[in-house]
Amino acid sequence: MADREKGTPEGPPVGRRALLGMLGLGAAGLAAAPTLQRGWDSFLAAASQEDPTGLSALLPNPGGFRYYSVVGSVPHRSEADYTLRITGLVRKPMTLRLPDLRAMPQTRVVHDVQCTDGWRVPNTPFAGVKLSDLLDEAGVRPQGKALRFTCFDGAYSENLTLEQARRPDMLVALQMQDKPISHAHGGPVRLYAAPMYFYKSAKWLSGISVTDEVVPGYWEERGYDIDGWLDGADKNSGGQG
Amino acid sequence: MTSTAGSTEPTRTPAGRAEVPDRIRRFSRAERLVHRSTGLLMLLCVASAACLYLGPLAQLVGRRYLVVTVHEWSGIALPLPFLLGLLSPDFRADLRRLNRFAPYDRQWLRAARRRLNSVRDRPAGKFNAGQKIYAGWIAGAVLVMMFTGLLMWFMGLLPSISRTSAIFVHDFLAWALVGVLAGHVRKAYQDPGTAPGMRTGFVSRGWAKRHHPRWVDELDELARLDAPGAPAAPAPRPPSDPGAPGRRDTFGDAQPRA
């Protein structure tokens, strides 16, 4: 069947060149990413300022939040039925409602929100009750070493060491961007751990339990760092409070 | 004598001259399996990506860990059908055709740039120049997506590349891929004969003449050389005349014959 050899194609290997070209472009993109990203971020910041369509949120790394939830649907909690329970190694277990939280001293923290998935929302104000104030109120027993946070989505959990939790930039947040936190953003109450990656800031917070050791949270059981410090976070001081 | 590339049944004209039949085999079962499973994995990959990336879909679907797992594994599995396909000689032969650029492929590209769409302006072998570039590009793009995806999956795999950089490339290339894939699907449904070609493996002679004239010439020549007592030089083919007795089977344009 030598005739069939007639069909053997000849000519420049353009397919292979397209493949290798794309690989080269990918490598160049990785090398130039830090520079390109800075330019892209500033372009996005400008674009989202005057974007009535909201389409800029679809662009890679949009200058806004993305919705994350680990369950199918999250129940809504309102003024009427929201409670935050503080339990575990405390002298005075507490069940707090929204008015109770609002009655406590409020602290406002402005910090960049940074997700492990690359998106970042600069200078975002959060306001609420400092974790350390809540811990003082409940009275941590001497055996208490860490906090475990649970959520009313029924699945998510997080943790902080007691030392981390006592920083002045660790909040039980009631407000984000000076508005009550919406359901999509983890409202009515979420954790805000300013110096750490955003997965540490558990949404839909419903329970704080003082434990004698660190219990890995939802993503930490799936490979994430137990301590989600941001690069360059000042791990010793208390942030700007 | 069914070995003629692209034929299922021997087709002889009463004069004894072999012709490529109306239904031409374009893709073997192995090739269609490769295409179907790659397409399915790609669909899973893109759909799960959308559920992770697009706010309203993310709110609707949630279950982030499950969706992440589907995305990761469908992405990792994406090259497997291709690798298994390498066992098939038909698949390897078509890869060689996709790789090599014939002189007329440049003409096809020029015509495409000028939006000239007639058969005369757009000569093509079994694959046209656009398909050749698409195949090479998407193979490279999938490899880049896999590499950057693995960097995100296994944090600290290559400490010299930050996760943010990997995500940056992954996100941008994802949008490029979605655009190119949309073009691929649109092209497949532009002519009603195209998608069935991949689904059934067969195309009509008319379709092949319209889109891949040089391939039909090639098949005709092979058919002639394979036919016993074939003339040394190919005789000029009679003009297409669907009404002529005895010729309907070989020249009927796009007659559906399941």
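Side chains included, hydrogens not; waters and symmetry mates left out as well; all remaining heavy atoms used. The sequence lines fix the lettering, A, B, ..., with proteins before strands; numbering per chain opens at 1.
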Visitor: Are there over 12 heavy-atom neighbours, none belonging to Arg85(A), within less than 6.0 Å of that residue's CZ?
Guide: no
Visitor: Could you check whether any side-chain N or O of Arg63(B) sits under 3.5 Å from a backbone N or O of Val70(A), counting only pairs where one atom can act as donor and the other as acceptor?
Guide: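 Answer holds: no.
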Visitor: At a 4.5 Å cut-off on heavy atoms, which part of Leu98(B) comes close to chain A: side chain, backbone, both, or neither?
Guide: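 Just its backbone gets close to chain A.
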Visitor: Does Tyr65(B) have any ring pair (Phe, Tyr, Trp, His ring centres under 6.0 Å) partners at least two apart in sequence or in another chain, and if so, which?
Guide: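 If we apply the ring pair (Phe, Tyr, Trp, His ring centres under 6.0 Å) test to Tyr65(B), skipping adjacent residues, there are no hits.
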Visitor: Using the rule given for side-chain contact (heavy atoms from CB on, under 4.5 Å), can you reason through Leu19(A) versus Trp137(B), listing the C-alpha separation, both sets of side-chain angles and the distance that settles it, and then say yes or no?
Guide: CA-CA 5 Å; Leu19(A) 190 157; Trp137(B) 182 86; over 6 Å; no
Visitor: Given a strict heavy-atom distance threshold of 4.5 Å, which part of Arg16(A) is in contact with chain B: side chain, backbone, both, or neither?
Guide: both
Visitor: Tell me which of these, Pro13(A), Ala33(A), Gly24(A), has more heavy-atom pairs under 4.5 Å with chain B than the rest.
Guide: Pro13(A)
Visitor: Where does Leu60(B) contact chain A at under 4.5 Å (heavy atoms): side chain, backbone, both or neither?
Guide: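 For Leu60(B), the backbone is the part near chain A, not the side chain.
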Visitor: Could you walk me through whether Tyr67(A) and Leu57(B) pass the side-chain contact (heavy atoms from CB on, under 4.5 Å) check?
Guide: CA-CA 9 Å; Tyr67(A) 178 87; Leu57(B) 266 180; over 6 Å; no
Visitor: Not counting sequence neighbours, which residues clear salt bridge (Lys or Arg N to Asp or Glu O under 4.0 Å) with Asp121(B)? List them please.
Guide: none
Visitor: Can you tell me how far apart CD1 (Ile133(B)) and CE (Met22(A)) are? Round to the nearest 0.5 Å.
Guide: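 Going from the CD1 atom of Ile133(B) to the CE atom of Met22(A) covers 14.5 Å.
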Visitor: Nearest 0.5 Å, please: how far is CZ in Arg64(B) from OH in Tyr218(A)?
Guide: 10.5 Å
Visitor: Which residues in residues 138-146 of chain B have any heavy atom closer than 4.5 Å to a heavy atom of chain A?
Guide: Ala139(B), Gly140(B), Ala141(B), Leu143(B), Val144(B)
Visitor: Check whether Ser73(A) gets within reach of chain B through its side chain, its backbone, both or neither, counting any heavy atom under 4.5 Å.
Guide: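 Neither part.
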Visitor: Give the minimum heavy-atom separation between Thr116(A) and Ile167(B), together with the two atoms involved.
Guide: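 It is O-CD1, 3.5 Å.
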Visitor: Would you mind telling me which of Arg163(B), Met152(B), His170(B) has the largest number of heavy-atom pairs within less than 4.5 Å of chain A?
Guide: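 Most pairs with chain A among the choices: Arg163(B).
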Visitor: Please classify the contact between Arg106(B) and chain A as side chain, backbone, both or neither, with a heavy-atom cut-off of under 4.5 Å.
Guide: side chain
Visitor: Identify the heavy atoms of Tyr68(A) and Leu52(B) that sit nearest to each other, and give their distance.
Guide: CE1-O, 4.5 Å
Visitor: Under a 4.5 Å heavy-atom cut-off, does chain A meet the side chain of Ser162(B), its backbone, both or neither?
Guide: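 Nothing of Ser162(B), per the 4.5 Å heavy-atom cut-off to chain A.
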Visitor: Against chain B, label Leu20(A) side chain, backbone, both or neither, depending on which of its atoms sit under 4.5 Å from a heavy atom there.
Guide: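 No part of Leu20(A) comes within 4.5 Å of chain B.
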Visitor: With sequence neighbours excluded, tell me which residues meet side chain to side chain contact (heavy atoms under 4.5 Å, CB included) with Pro125(A).
Guide: Arg108(A), Val110(A), Gln177(A), Asp178(A)
Visitor: Report yes if the side chains of Leu36(A) and Phe172(B) come closer than 4.5 Å at any heavy-atom pair, otherwise no.
Guide: no
Visitor: In Å, rounded to the nearest 0.5 Å, how long is the span from OG1 of Thr164(B) to CD of Gln114(A)?
Guide: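 Atom-to-atom, Thr164(B):OG1 and Gln114(A):CD are 6.0 Å apart.
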Visitor: Between Val169(B) and chain A, with a heavy-atom cut-off of 4.5 Å, which part of the residue counts as in contact: side chain, backbone, both or neither?
Guide: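 Looking at Val169(B), just its side chain touches chain A.
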Visitor: Can you tell me how far apart CZ (Phe147(B)) and CG (Leu30(A)) are? Round to the nearest 0.5 Å.
Guide: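 Going from the CZ atom of Phe147(B) to the CG atom of Leu30(A) covers 6.5 Å.
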